[in-house]
Amino acid sequence: EPEVTQTPSHQVTQMGQEVILRCVPISNHLYFYWYRQILGQKVEFLVSFYNNEISEKSEIFDDQFSVERPDGSNFTLKIRSTKLEDSAMYFCASSDAAGGGTGELFFGEGSRLTVL
Amino acid sequence: AQSVAQPEDQVNVAEGNPLTVKCTYSVSGNPYLFWYVQYPNRGLQFLLKYITGDNLVKGSYGFEAEFNKSQTSFHLKKPSALVSDSALYFCAVRDSGRGSTLGRLYFGRGTQLTVWP
């Protein structure tokens, strides 16, 4: 069964460093997302991406964050200058054409980011 | 504003007994409702969804959920629990009235289900 894959599974970084989290969505999917889950808290929406541009972003997704689909297969989340509060599990997700409405999202296993 | 409430942080049931994991929601338009399950160190796996039609929807692993519009609820159920069902369960909602959301889901805090043998 096709799946969303994410790398790295765990990254430890120093505060102020740049981090790039990578995702390979399911190949025929058109919509891509990043969510995050701070330990013990809700899964929160960060950003959605469609047709090579951001469709929607939450208030969490400030200027420190950016997303890119550099080569037609990878979908990346960059955090320019990490803060302690960026420590979380980051989930990539993708969906097909119906994902814009009724379809379900398919999630990767997550990248755990620890900022020291 | 869209939101989801899962009133129970933990649900404990004996194997073979029925289980219910509760979820209530708030949206401005018609809701699209989803249940996801998360096993330890794994991502979120889709279980089932309600879009329209029959209020009782069936999903993976024998789970089902009942949409109740008047109570704004979407409780997850299973007639006979298994130890392997032990996991973290998330309810999520999308507001169908907001065409620009393109997949944005609002999640509950999750309910830890423990099924003991």
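Lettering of chains follows the sequences in order, A, B, ..., and the numbering in each one begins at 1.
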Practice task
Could you tell me the separation between the CG atom of B/L44 and the CZ atom of A/F91, rounded to the nearest 0.5 Å?
Solution key: 5.0 Å
Completion exercise
Bottom line for B/Q38: the part with an atom under 4.5 Å from chain A's heavy atoms is side chain
Handout entry: B/R42 atom CZ, over 12 foreign heavy atoms within 6.0 Å
Key = no
Practice task
To the nearest 0.5 Å, tell me how far A/E104 CD sits from B/F46 CZ.
Solution key: 4.0 Å
Practice task
Take atom CG of A/D63 as the centre, draw a 6.0 Å sphere, and report whether it contains more than 12 heavy atoms from other residues, nucleotides or ligands.
Solution key: no
Practice task
Establish, yes or no, whether a centroid distance under 6.0 Å links the rings of B/Y36 and A/F107.
Solution key: yes
Practice task
Tell me, for A/Q37 versus chain B, whether the close heavy atoms (under 4.5 Å) come from the side chain, the backbone, both or neither.
Solution key: side chain
Handout entry: Distance (rounded to the nearest 0.5 Å) between A/L105 CG and B/K49 NZ
Key = 10.5 Å
Problem - Audit row: A/S58, B/R104, side-chain contact (heavy atoms from CB on, under 4.5 Å) steps and yes/no - result: CA-CA 10 Å; A/S58 71; B/R104 177 171 185 170; 3.8 Å; yes
Handout entry: Exceeds 12 heavy-atom contacts within 6.0 angstrom, atom CG of A/L39
Key = no
Exercise for the section: Following the transitive rule for hydrophobic clusters with a side-chain heavy-atom cut-off under 4.5 Å over Ile, Leu, Val, Met, Phe, Trp and Tyr, establish whether A/V4 and A/I20 coincide in one cluster. Expected result: no
Handout entry: Within one Ile-Leu-Val-Met-Phe-Trp-Tyr cluster: A/L46 and A/V19, side-chain cutoff 4.5 Å
Key = yes
Problem - Closest contact, heavy atoms only, B/L105 versus A/Y35 - result: N-OH, 2.8 Å
Practice task
Mind checking the CZ-CZ spacing from B/F107 to A/F45? Nearest 0.5 Å is all I need.
Solution key: 11.0 Å
Practice task
Assess whether atom CZ of A/R22 is packed by more than 12 heavy atoms of other residues, nucleotides or ligands within 6.0 Å.
Solution key: no
Fill in the blank from the handout: Sorted by chain and residue number, the ring-ring contact (aromatic ring centres under 6.0 Å, His included) partners of A/F32 (sequence neighbours excluded) come out as A/F75
